[in-house]
Amino acid sequence: MTGPAVAAVRRAVRGFLESVEAPAELCVAVSGGADSLALAEATAYVGRHRGHRVRALVVDHGLQEGSAKIARDAVAAAKSLGADEAEVRRVDVTGPGGPEAAARKARYRALAGHDLVLLGHTLDDQAETVLLGLGRGSGPRSVSGMRPHDPPWGRPLLAVPRATTRAACAELGVEPWEDPHNAEARFTRVRLRTEVLPLLEDVLNGGVAAALARTAAQLREDSEALDTSADRIFTRAGGVEGLDVAVLEGEPAALRRRVLRRWLLESGVRELTDGHLRAVDALVARWRGQGGVWLPGNLEARRCRGRLCVISQPTTRGD
């Protein structure tokens, strides 16, 4: 007989799959932890009734002693929970941004290449993401958290608490792997999970994680509406080759900056910050004949003859 936690996870997966065009093969990222194992079982159960094959993808980061065995155990667990196939993908974790960021980038690269990959992010993960965005001051796009469907990634469990996935594993008789990194206070997310959120729950009398997730959902809806309007302005203003200032200057700042953000990204600007964006916006909203704005990648945004353009500059800056 299905317990209430297993039923809740299956219900979340069923609702997600009914909301998207799901391919014949559903891929599930499985770490061996409670969230991913509960997701794998629910996906296998729901997928079987909907005519889908389920493939479990286990990423071995090679960061811990015995990681190969942990990955093999995750494969075996996924198969025991109903996955049709399961495989290990080994990655090398290198690059800037610290071990958390490097591991995340390596993991996403290893999981890419499929039409739909389901990830076990829960309501608690969403709350942590919102708090990280708030702390960085990176605007509503960051505070709006993770999208349930951001192709090829799918996150069916964003409304499901982590406690439910743990309870689901208990009901299934499965013992999830506990990643020791999840107890190391040197990682920002771990401190948010073990110190900040419990304190907020205590001070605000509970319900904080759910409230943060609701706030994220509301901001996503607002952002999507603003992005749709910004796309129309972007087309009117001219597109990647250059933007007509006359089209932009009468628009509200929230829309104008969305247009500029899309234009700069599509023009090849990387590591775009809020400071960069506001400086370029000043070429429209506070134009006084100032010079161009230097951007990452030896690029410069300039205003010339009523249009904004991005030009490449020599590696060595000179007058």
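All of these numbers come straight from a predicted model, not from anything done at the bench. Sequential numbering from 1 along the given sequence is applied to the chain's residues.
Side chain of T43 to backbone of A40: no donor-acceptor contact under 3.5 angstrom is found. The main-chain N or O of S31 is found under 3.5 Å from a side-chain atom of S36 such that the two form a donor-acceptor pair. Without hydrogens or angle criteria, R214 side chain to A209 main chain gives no donor-acceptor distance under 3.5 Å. No side-chain donor-acceptor contact under 3.5 Å links W177 to the backbone of G33. Between the side chain of E201 and the main chain of G207, a donor-acceptor pair closer than 3.5 Å is present. Under a 3.5 Å cut-off, the side chain of Q126 and the backbone N or O of H121 do not form any donor-acceptor pair. For the pair S223 (side chain) and R220 (backbone), a donor-acceptor distance under 3.5 Å is absent. For the pair R258 (side chain) and A230 (backbone), a donor-acceptor distance under 3.5 Å is absent. Put simply, the side chain of D84 gets close to the backbone of V54: a donor and an acceptor are under 3.5 Å apart.
Taking every heavy atom of both residues into account, D281 and R257 meet most closely at OD2-NE, 3.2 Å. Considering every non-hydrogen atom in both E249 and V284, the closest pair reads CA-CG1, 3.7 Å. Nearest heavy atom pair, residue L17 against residue R50, reads O-NH2, 3.5 Å. Nearest heavy atoms, L123 versus A159: CD1-O, 3.9 Å. The minimum heavy-atom distance linking V93 with A103 is given by the pair CG1-N, 3.5 Å.
Within the model, atoms CG of L119 and CZ of R107 stand 9.0 Å from one another, a figure rounded to the nearest 0.5 Å. Atom CG of L212 sits about 10.5 Å away from atom CG of D124, to the nearest 0.5 Å.
Heavy-atom neighbours of E175 CD from other residues, nucleotides or ligands within 6.0 Å: at or below the threshold of 12. The 12-atom threshold is not exceeded at CZ of R166, counting heavy atoms of other residues, nucleotides or ligands nearer than 6.0 Å. Enclosure of atom CZ in R191 is not indicated, since only 12 or fewer non-hydrogen atoms of other residues, nucleotides or ligands lie within 6.0 angstrom. Crowding of E65 atom CD: a count of heavy atoms from other residues, nucleotides or ligands under 6.0 Å not exceeding 12.
Cluster membership check: L255 shares its hydrophobic cluster with L272, using side-chain heavy-atom separations under 4.5 Å among Ile, Leu, Val, Met, Phe, Trp and Tyr.
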**Item:** Verdict with supporting geometry, R193 and N182, side chain to side chain contact (heavy atoms under 4.5 Å, CB included)
**Value:** CA-CA 9 Å; R193 182 176 308 144; N182 288 337; 3.6 Å; yes
**Message:** For a side chain to side chain contact (heavy atoms under 4.5 Å, CB included) check, start with the C-alpha distance between D150 and R155, then their side-chain angles and the critical distance, and finish with the verdict.
**Reply:** CA-CA 8 Å; D150 186 16; R155 300 179 176 91; 4.1 Å; yes
**Message:** Between E41 and L172, does the side chain to side chain contact (heavy atoms under 4.5 Å, CB included) criterion hold? Intermediate values first, please.
**Reply:** CA-CA 9 Å; E41 191 282 333; L172 292 165; 3.7 Å; yes
**Prompt:** Does the pair H276 and V280 meet the rule for a side chain to side chain contact (heavy atoms under 4.5 Å, CB included), with working shown?
**Reply:** CA-CA 6 Å; H276 295 136; V280 175; 5.5 Å; no
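The closest side-chain heavy-atom distance from L197 to L131 is below 4.5 Å. For the pair P180/Q64, a side-chain contact is recorded, criterion being any heavy-atom separation below 4.5 Å from C-beta on. For the pair L243 and F234, the minimum side-chain heavy-atom distance is below 4.5 Å. Side-chain contact check for V91 versus R109: every heavy-atom pair is 4.5 Å or farther apart. A heavy-atom distance below 4.5 Å is not found between the side chains of C27 and L116.
No salt bridge links E251 with R256; every basic N to acidic carboxylate O contact stays at or beyond 4.0 Å. Under a 4.0 Å N-O distance rule, the pair D125/R162 qualifies as a salt bridge. Taking the charged nitrogens against the carboxylate oxygens, D231 and R262 do have a contact shorter than 4.0 Å, which makes a salt bridge.
Checked options V174, V30, V28, L39; the residue passing with L81 is V174 (criterion: side-chain contact (heavy atoms from CB on, under 4.5 Å)).
Judged purely by distance below 3.5 Å, without hydrogens or angles, the side chains of T129 and R189 pair a donor atom with an acceptor atom.
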